[in-house]
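For the numbers below, each heavy atom of this structure counts, side chains included, while hydrogens, waters and symmetry mates do not. Quick note on labels: first sequence line is chain A, next is B, and so on, each numbered from 1.
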Amino acid sequence: MASVSSQPQFRYTQPPSKVLHLRNLPWECTEEELIELGKPFGKVVNTKCNVGANRNQAFIEFADLNQAIAMISYYASSSEPAQVRGKTVYLQYSNRQEIVNNKTTADVAGNVLLVTIEGADARLVSIDVLHLVFSAFGFVHKITTFEKTAGFQALVQFSDTETASSAKNALDGRSIPSYLLPEHLGPCTLRITYSAHTDLSVKFQSHRSRDYTNPYLPVAPSAIDGSGQVIMGLDGKKLEPESNVLLASIENMQYAVTLDVLHMVFSAFGPVQKIAMFDKNGGVQALIQYPDVQTAVVAKEALEGHCIYDGGFCKLHISYSRHTDLSIKVNNDRSRDYTIPNTTPMVNSQPSILGQQPTSVMGSAVQYSGAPFTPSQEQPGMPQQPSAGWGPGVPPMPQSMPMQMHNNPYMPPGTMPPQAAPGMMQSPMQSGMPQSSMLPRYGSGQMQ
DNA sequence: AGCACA
């Protein structure tokens, strides 16, 4: 057998590699200087400085072989040698194909984050929850999700590296707050690195990928079922098809939740066509019908897990109903068809219902029905803001949380649940928390 | 000025 063992350690002409070996570098050359040097030729995904006995050698790894070739070729014919701090550096293809044990692509900051969701239930985390989580730091352009050997992963694209970095710094190693997750899900921990991507390619809006910069992007054919119903946005628990009818169950119902209260709450997101309330499993449930799925989706996103009243009372759990059109036989205090006003002795929404709850925080947050929130335009003291309904004395949009609401039309203002004080989310209907807790700060404490 | 790290 011919031995293949006697490859020379290096040759004077190396075969191309996307790793370049640099020598004669100035003292304590930094990674940044290496990146600067390589950047004109391509994406530098890894570097290694201070190599060799004199610590004056280094490696640069490009994302693509052609980029390394471009750099070598350029300096091979350039009259100006490659320089760092005015010192000529010599470069050649490395005899390695990749740099190991140093910063990988994962540590070269970029505007796209690679998020690995750890936990037994990681793959049940919906793209919507991820969007919510990362939107706290700025406009999320796109998200793609996929499963690999590493588990359930997502790429989250921000406008710029700074925003991505702030999200990474705040969220890496933390768990998604449990109140954002469907019940019974175990902890889902985020491991975040930088991706080498700068712009994700999202062809369709689907349960696996979203482009928030392009609402007109077609919905993935695969996300539409036989009945033409959109089933994208798997919502955590199950592959629950979206529906224009929501099933709301009310937990910890210390106060009466009437049809009118529900109507008020759900009308914030669009016209409510019908409501039917009924008892089930010792609790109260209600079916709420909107004219379209979109509105229901928005309402569900905004309301799920939130409480109608302060103190964790009347917590809503919302899922999509299999119904698409409720049959309301009679208009009474448990069911109503708002599309037929004549037949309804419309007991106009009784103010007393809210009035009798000193801590009532419900209001008609009409503006959630469509336009995105524009926090900067809302002054906390603004009187008579019809949408300021989450509680008397609580500004519709505290100035302190613009990031939070940024680009997120779905999240009503409010405070965070107590257990999540330093967390990323606010719970729209709990207004009893001190305002300081509204700050989207991750610096201290743990996320749930 | 000529290839690290585990």
- Query: Got a sec: does the CZ of Arg85(A) have more than 12 other heavy atoms crowding it under 6.0 Å?
  - Reply: yes

- Between atom CD1 in Ile60(A) and atom P in dG2(B), what is the gap in whole Å? 17 Å

- Message: Closest approach to the side chain of Arg23(A), judged atom by atom: which nucleotide of dA1(B), dC5(B), dC3(B) is it?
- Response: dA1(B)

- Task: Please state whether the base of dG2(B) and the side chain of Gln92(A) form at least one donor-acceptor pair under 3.5 Å?
- Result: yes

- Kindly state whether the pair Tyr90(A) / dG2(B) counts as stacked, where counting means centroids closer than 5.5 Å and planes tilted less than 30° apart. no

- Query: What's the CD-C1' distance between Glu61(A) and dA4(B), to the nearest Å?
  - Reply: 13 Å

- Cation-pi between Lys300(A) and Tyr320(A): NZ/CZ under 6.0 Å from ring centre and within 45° of the ring axis? yes

- Message: Rounding to an integer number of Å, can you tell me how far Asn24(A) CG sits from dC3(B) C1'?
- Response: 15 Å

- Item | Rounded interatomic separation in angstrom, taking CG from Leu22(A) and P from dC3(B) | 13 Å

- Tell me: CZ of Phe59(A) to P of dC5(B), nearest whole Å? 10 Å

- Item | Length of the CG-P vector between Leu25(A) and dG2(B), whole Å | 11 Å

- For Lys87(A) and Val19(A), take the nucleotide of DNA chain B holding the closest heavy atom to each; which residue's nucleotide lies nearer the 5' end? Lys87(A)

- Message: One pair to check against side chain to side chain contact (heavy atoms under 4.5 Å, CB included): Phe266(A) and Ile318(A). What are the steps and the verdict?
- Response: CA-CA 11 Å; Phe266(A) 285 85; Ile318(A) 301 175; 3.9 Å; yes

- Salt bridge present between Lys142(A) and Asp199(A) (N-O < 4.0 angstrom): yes

- How long is the line joining CG of Asn54(A) and C1' of dA4(B), in whole Å? 14 Å

- Message: Rounding to an integer number of Å, can you tell me how far Arg96(A) CZ sits from dA4(B) C1'?
- Response: 7 Å

